[in-house]
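So the structure is just underneath, and the comments pick up after that.
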Amino acid sequence: FGSSLGPELAEAPPSPLADPPSAPPSPARPMSFQQQVVVDCRGHLLGRLSSIIAKEILNGQKVVLVRCEDINMSGSLYRAKLKYANFKRKHTNS
């Protein structure tokens, strides 16, 4: 006899990610990280993107940002220019 369940209800082969049947079940799988995450910053808002990137870095993920010169800054353009000019004047971290 063939299977009368049909191809969609037939028993699926075991997943390669599943634990082997003889091993005890693991409590939790470790988080999987990529080697590094490359983020295209073009067209994103500065504050929102920076909060997401900060969270990834705090979780231990390596992050590379590209095309940062095309990031959008909302709010007063004059105020943003003043803040950026103040940042550029600094020469050291202290």
Side-chain angles (χ1 to χ4, degrees):
F1 286 128
S3 174
S4 63
L5 296 175
E8 64 276 349
L9 297 178
E11 186 174 332
S15 169
L17 298 177
D19 290 332
S22 62
S26 60
R29 292 191 178 266
M31 294 174 57
S32 62
F33 292 104
Q34 297 176 3
Q35 182 100 21
Q36 61 187 3
V37 175
V38 179
V39 178
D40 183 10
C41 298
R42 184 173 188 215
H44 290 282
L45 285 174
L46 177 67
R48 293 180 185 259
L49 183 66
S50 61
S51 66
I52 292 169
I53 298 302
K55 186 66 174 176
E56 290 292 323
I57 292 171
L58 287 173
N59 283 334
Q61 180 69 56
K62 294 183 189 222
V63 180
V64 176
L65 305 173
V66 294
R67 296 203 296 185
C68 295
E69 63 275 1
D70 294 331
I71 238 173
N72 292 338
M73 294 171 36
S74 64
S76 168
L77 184 60
Y78 179 72
R79 182 173 174 266
K81 283 183 179 180
L82 288 177
K83 283 173 57 176
Y84 184 66
N86 189 22
F87 169 73
K88 282 178 58 177
R89 260 199 322 256
K90 297 179 182 174
H91 293 285
T92 62
N93 287 337
S94 57

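Keep in mind that the numbers below use all heavy atoms, side chains included, and drop hydrogens, waters and symmetry copies.
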Minimum heavy-atom distance Ile71-Cys41, with the two atoms named | CG1-O, 3.5 Å
What is the minimum heavy-atom distance between Gly43 and Asn72, and which atoms define it?
-> O-ND2, 3.3 Å
Which residue pairs satisfy the side-chain hydrogen bond (donor to acceptor under 3.5 Å, both in side chains) criterion with at least one member in residues 39-53, sequence neighbours excluded?
-> Asp40-Arg67
Output side-chain donor-acceptor pairs under 3.5 Å for residues 79-87, partner residues at least two apart or in another chain, one line each.
from: Asn86; atom 1: OD1; to: Arg89; atom 2: NH2; distance (Å): 2.7

For Leu58, the other hydrophobic cluster members (4.5 Å side-chain criterion, sorted by chain and number) are none
In the hydrophobic clustering (ILVMFWY, side-chain contacts below 4.5 Å, transitive), which residues join Val38, or is it alone?
-> Val64, Val66
Under the side chain to side chain contact (heavy atoms under 4.5 Å, CB included) rule, collect the residues that match up with Val63, sequence neighbours excluded.
-> Val39, Ile53, Glu56, Ile57, Gln61, Leu65
